[in-house]
Each structure stands twice: as structure tokens, then as C-alpha cells.
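A quick write-up on the structure given underneath.
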Number of protein chains: 2
Amino acid sequence: MHILITGAAGMIGSKLTQALIARRTLRGQEITGLTLVDVNAPTPPVGLPAAALAADLSDPASAPALIEQRPDVIFHLAAIVSGEAEADTAKGYAVNLGGTMALCEAIVAQDDYCPRLVHTSSIAVFGVPLPDVIPDDQPPRPLTSYGTQKRMAELMIDDLSRKGLLDGVSLRLPTICIRPGKPNAAASGFYSSILREPLSGQTATLPVSEDTRHWFASPRAAVGFLIHAAEMDTGPLGQDRSLNLPGVDATVGDEIAALGRVAGEAAVARIERAEDPAVAAIVAGWPKGFDPVRARALGFEAESGMDEIIRVHIEDELGGKLPD
Amino acid sequence: MHILITGAAGMIGSKLTQALIARRTLRGQEITGLTLVDVNAPTPPVGLPAAALAADLSDPASAPALIEQRPDVIFHLAAIVSGEAEADTAKGYAVNLGGTMALCEAIVAQDDYCPRLVHTSSIAVFGVPLPDVIPDDQPPRPLTSYGTQKRMAELMIDDLSRKGLLDGVSLRLPTICIRPGKPNAAASGFYSSILREPLSGQTATLPVSEDTRHWFASPRAAVGFLIHAAEMDTGPLGQDRSLNLPGVDATVGDEIAALGRVAGEAAVARIERAEDPAVAAIVAGWPKGFDPVRARALGFEAESGMDEIIRVHIEDELGGKLPD
């Protein structure tokens with residue numbers, strides 16, 4: 001079992017790598033090779049035969065060299081984020097679309113080869129107007145460059161899967177919460193930082209009202225989605241290989257209440273309100289909740305609620321306990 | 001007014017070129033330059049300053065050289081047909097998607113440039129199950145490589161238009177009928193040949209039953225759509241730049257009845273029945289009729305019925321009269 005991970009140096013890519021090393025098997029087979037790729041070479045992992053390479057998929061030579069080794073499973077996570085794709089149109093299309101096309105074309109060019117391709121798509125394929133709870137058959141209508149690029153990639157993966165040239169699954173990941181690391185400039189950053197900073201004794205700023213609602217899963221759940229997508233029977237997917245995934249439907253107020261239950265009112269007191277109408281306007285265009293009947297029936301699982309999402313963060317990022 | 005036409009050597013491209021030469025103006029401005037491009041150099045036209053070039057848009061050097069001249073209006077017709085895109089996956093993506101992406105990227109790379117881009121899409125963006133009459137808000141769900149490539153191009157053009165980097169319109173053309181020229185191997189070929197060959201005193205073969213229903217416009221109407229799309233105000237399109245176009249909703253039986261009315265029963269007698277279940281199975285997956293409210297409100301017009309489609313063919317291809 002040879003596995004290729006693109007975007008392996010990113011937050012999800014690193015956690016996926018660690019999870020594969022801990023499992024040692026995928027699809028019932030021993031993992032005998034792991035190729036990790038990112039624009040900057042990922043840290044070579046310990047515990048499995050692995051190659052860690054620097055490669056830019058928008059460079060025409062990159063994908064054929066990676067696919068020549070005929071990996072059995074490909075986790076295609078490489079992408080630039082939505083803010084950058086919106087600001088730098090050419091780069092967004094070159095990386096998010098061109099990179100995925102190059103990967104697919106290299107796969108198609110191999111004879112008698114049909115790898116499982118797990119592609120991280122996004123709920124950004126949906127644009128307003130949207131129902132309060134989005135059903136599985138909601139037509140994608142992206143209103144950002146990032147969402148457009150993800151939807152284009154989904155369509156190509158559907159078509160090539162129909163033709164038996166690859167065996168693809170596109171996962172429309174919920175917003176990842178609690179995202180570990182430093183606060184960043186992403187408009188969605190506050191959803192994580194209003195929990196992450198108070199859990200570490202720091203203050204955080206809340207730029208929107210408490211009734212702002214969104215759809216979340218933990219980094220651990222995201223890794224679980226990826227591994228399940230690599231192992232599942234894709235037959236029941238039919239022609240539509242894109243899945244809305246389970247998540248936690250929560251308002252900012254729900255996040256804060258869960259923080260109080262898990263970490264106490266002192267943690268809640270570290271959240272400072274400073275309304276930012278620009279951020280509020282951006283998040284108003286985002287999906288709120290989903291009813292992912294199809295993915296749940298196919299065995300995908302997320303957390304039961306925001307309390308569990310916070311406990312996962314404490315276990316995975318804070319060594320199992322809150323700082324004194 | 002400088003105009004670029006890709007796919008200019010094709011049937012629609014040639015007729016569009018002739019129509020522009022006859023008009024001499026577009027958008028109220030004199031046409032001062034016409035650049036015609038195809039994989040094989042188009043015949044240089046007479047009557048306007050024109051360059052006729054051989055270029056393959058899937059070659060990375062082609063699009064930048066064409067766009068450097070900053071044409072005001074681009075008619076992007078270049079594509080390989082659905083049968084070839086289905087049989088040669090790599091070529092279909094390279095030409096139909098890669099060529100469109102290269103053109104768009106070259107446009108984006110120019111500063112302070114926002115040309116009108118008229119893109120010929122297709123009703124192949126729709127896949128079964130479909131309602132009997134397709135409304136404007138029917139979600140595209142392509143089930144062929146050609147339809148997938150066209151839908152991907154539509155999404156990119158929507159996104160770049162939203163950002164003001166180009167001013168795009170994607171036209172989902174009806175099946176063109178009566179297509180001039182020789183019979184070809186396309187599964188849709190019989191829709192034209194059962195009219196075209198009898199009108200010229202030849203026999204034609206009908207491979208499906210007379211209740212087979214589809215959506216048609218003449219070559220003349222298609223050229224009219226393209227010119228209208230170049231001249232229209234795109235403001236009312238909003239974020240969705242793709243249009244289902246008016247056409248004639250007709251069964252094969254309607255075609256034959258119209259042939260009888262226009263050309264007599266001797267013409268009808270030249271149609272031979274030879275059912276071909278393979279062809280019948282292909283066309284069963286195609287759209288039947290549309291209710292293109294949006295395009296009609298925006299001023300797009302097709303023929304009133306199959307009789308008019310036949311008369312257009314007699315006028316434009318047969319010198320205005322039937323052979324003796």
C-alpha cells in the first residue's frame with residue numbers, strides 16, 4: 001500500500017500523516033510507502049518508509065513524476081486558502097485548479113491504473129441564497145474563486161470516476177474548529193480563536209454577534225473523514241462523488257456556552273467583543289447548517305457537539321489538560 | 001472594434017465571420033480588425049482587415065499571443081466535439097478545458113482589460129434525470145466529459161466576470177439543425193440528415209422512433225445568438241452568466257411533417273427507417289425541451305418552428321430553392 005499526500009505539510013496533512021503512521025495499515029493492507037509533498041518539503045516522518053518532497057503541482061513536471069510511482073491511494077489536500085485565491089486570481093486557478101488538473105491528467109496518462117483519489121473540497125461550493133439547513137441535493141453555486149475552483153475539481157473527478165480512470169471522492173469539509181496554532185487573518189479565524197486562546201489563558205476577540213451560526217468539525221474528525229473516504233466502498237456514490245459531511249451545527253453563543261461548561265467562566269471572560277461589520281458581512285454569505293444524510297449513511301462521523309470539539313482540542317493539542 | 005474568433009474554421013465560426021463582414025459593425029462600432037484562429041488556419045476572409053492564424057489553444061504560448069492584441073470582443077468557439085471528448089479523455093480536457101483556461105488566464109494577466117467573452121457552452125451540461133421541459137434554474141449535472149468541460153468553463157467565466165476581469169456570457173446552444181455539409185458519425189447527426197439529404201434529393205436513414213423529442217435552432221439563429229451576446233447589456237445576468245437559449249421543441253415526427261409541408265411527400269419518401277437501439281439509447285439521455293424565460297427576456301430569438309428551420313436551410317444553403 002503506497003500512499004501519496006499532497007499538501008502534506010499543512011495542518012490536516014501533518015495530522016493525517018501521523019494517523020497513518022499510528023495505524024500502519026490502510027484498506028486492510030500494510031502501508032509500505034508514503035510520499036509526502038508540499039511546496040516546501042514536509043518534515044520527513046519517523047515510523048514508515050517515506051519520501052518527503054518539495055513540489056509545486058502547478059509546475060507541469062511535478063504531477064507526472066509523483067504519479068509514475070502509481071500510488072494506490074492519493075490524498076489531494078494541496079490548495080491555497082480562500083482569501084488568497086480571492087486576492088490572487090491567477091495563483092488560485094494555477095494551484096487549486098491547475099494543480100488538480102495536472103494530477104488527474106497524470107493519472108489518466110497511466111494505463112491500467114485507477115487509484116483512490118480523496119480530494120478535499122469545501123462547503124464554499126455553496127453560495128447564497130441558501131436554505132437554513134442545506135440538503136444533500138442543494139445545487140452548488142459558488143460565489144468565490146476558491147469555491148469555483150473546488151467545484152470545477154469536483155466535476156472533473158466525477159467525470160473521470162464515471163469513466164473508471166480514477167476512483168474519486170470529494171469531501172466538502174466543514175470549517176475546522178478548533179484549528180491549532182496561532183491566530184491568522186482568515187475571516188473564519190475567530191470561530192477557533194474564541195475557544196483556542198481562552199483555553200490557553202489568552203484573550204481573543206469576537207467580531208460578530210452570538211447568534212452567528214456555522215458548521216464545524218475538529219481536526220481529528222477531518223482526519224477520520226479522509227481515512228474513511230480512502231477505505232469506503234465508492235459503489236453507492238454513483239455519479240456524484242461529492243459529499244456534504246457531518247459536522248456540529250452551532251452558533252457563536254453555543255461555542256461560548258460549551259467553553260464555559262468545559263473550562264469555566266474564567267475562560268469565557270477572556271473573550272472580548274469588538275464587532276467588525278466587514279467580517280460579519282463575509283460570514284453572512286456562508287452556509288449555516290447541513291443535513292448530510294448521504295455521508296452519515298456511508299459511515300462518516302463528526303463530533304456530537306461543541307463540548308466534544310473542545311475536549312478533542314484539549315486531548316490532542318494541550319496534552320489532555322488545561323493550563324493552570 | 002477588434003474581434004477575435006477561436007474555432008473560426010468551424011461551421012458556426014465561418015458563418016459568424018461572414019455575418020460580421022456583412023454587418024461591418026458590432027456594438028455600434030466599426031469593425032477594424034478580425035483575428036480568426038483555428039487548429040488549421042481558417043480561409044482569410046475578404047471584406048475586412050483580418051488575420052487568419054493556425055493556433056492550438058492548449059499550447060501555452062498560443063493564448064497570450066492572441067490576447068496581447070487586446071481584442072474588444074472574443075467569440076470562443078474552439079472545442080472538440082462530444083464524441084471525441086468522450087473517446088479521448090486527455091485531449092478533451094486539454095482542448096475544451098485547458099484551452100478555455102489558457103484564454104481566461106491570458107485575459108486576467110492583462111491590466112485594465114475586460115473584454116466581452118462569448119463562450120459557446122452546450123445543453124450537454126444537463127444530465128438525466130431531467131424534467132420534460134427544463135426550467136432556467138435546472139441544476140447542471142453533466143454526465144459526459146464534454147458536458148463536464150463546458151460546465152467547468154462556465155463556472156470559471158462566472159467567477160472571472162464577478163471579479164470584473166472579463167465580461168462573459170456562456171450560451172448553451174440548442175442542437176444545430178439543419179447542419180450543412182456531409183452526414184457525419186455524431187449520434188445526433190440524423191436530426192439534420194433526415195431533412196438535409198431529402199431536401200437535396202438524397203436518401204437518409206432514421207435510426208430512432210418518430211416520438212423522439214429534442215431542442216433545435218438553425219445555424220443562422222446560432223450566429224444571431226452569438227452576435228446578440230456580444231452586444232447585450234450583461235448587467236441583468238448577475239452572477240450566473242450561463243443562458244439556456246430559445247429553440248424549437250420538436251419530435252422527429254414534427255421534423256418529417258414539416259419536411260412534407262415545405263418540400264412535399266416525395267422528399268419524405270426519401271427517409272428510410274432502420275432502428276438503431278444504440279443511437280436510441282444515447283439520445284434518450286439528452287434534454288428534450290426548455291423554457292428559456294431568461295434568455296427570451298434578454299432578447300434572444302430562435303425560429304418559430306421546424307418549417308422555418310427548413311426554409312432557413314433552403315435560403316442559406318440551397319440558393320433559395322429546392323433542386324429540380
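Nothing here was measured: the structure is a model prediction, and the numbers come from that model. Protein chains get the first letters and strands the later ones, always in sequence-line order, with residue 1 at the start of each.
Separating the CG atom in A:Asp158 from the CZ atom in B:Arg141 is a distance of 9.0 Å, to the nearest 0.5 Å. Between the CD atom in A:Glu105 and the CG atom in B:Leu97 there is a gap of 8.0 Å [rounded to 0.5 Å]. Here the OG-CG distance, from B:Ser145 to A:Leu155, works out to 11.5 Å after rounding to the nearest 0.5 Å. Atom OG1 of B:Thr144 sits about 8.5 Å away from atom NZ of A:Lys163, to the nearest 0.5 Å.
Neither the backbone nor the side chain of B:Pro60 comes within less than 4.5 Å of any heavy atom of chain A. Looking at A:Glu86, both its backbone and its side chain come within 4.5 Å of chain B, counting heavy atoms on both sides. Within the 4.5 angstrom heavy-atom criterion, atoms from both the backbone and the side chain of A:Leu143 approach chain B. Looking at B:Met101, the atoms closer than 4.5 Å to chain A (heavy atoms on both sides) all sit in the side chain, from C-beta outward.
Put simply, of B:Glu154, B:Met156, B:Gln149, B:Gln239, the one with the most heavy-atom pairs under 4.5 Å next to chain A is B:Met156.
By the 4.5 Å heavy-atom criterion applied to side chains, A:Tyr93 and B:Val108 are not counted as neighbours. When side chains are defined from C-beta on, B:Gln138 does not count as touching A:Pro139, because their heavy atoms never get closer than 4.5 Å. In this structure the side chain of A:Asp159 never reaches within 4.5 angstrom of the side chain of B:Pro142, judged on heavy atoms.
Within a 6.0 Å radius of NZ in B:Lys288, more than 12 heavy atoms belonging to other residues, nucleotides or ligands are found.
Shortest non-hydrogen contact noted between A:Leu160 and B:Thr89 is CD2-CG2, 3.5 Å.
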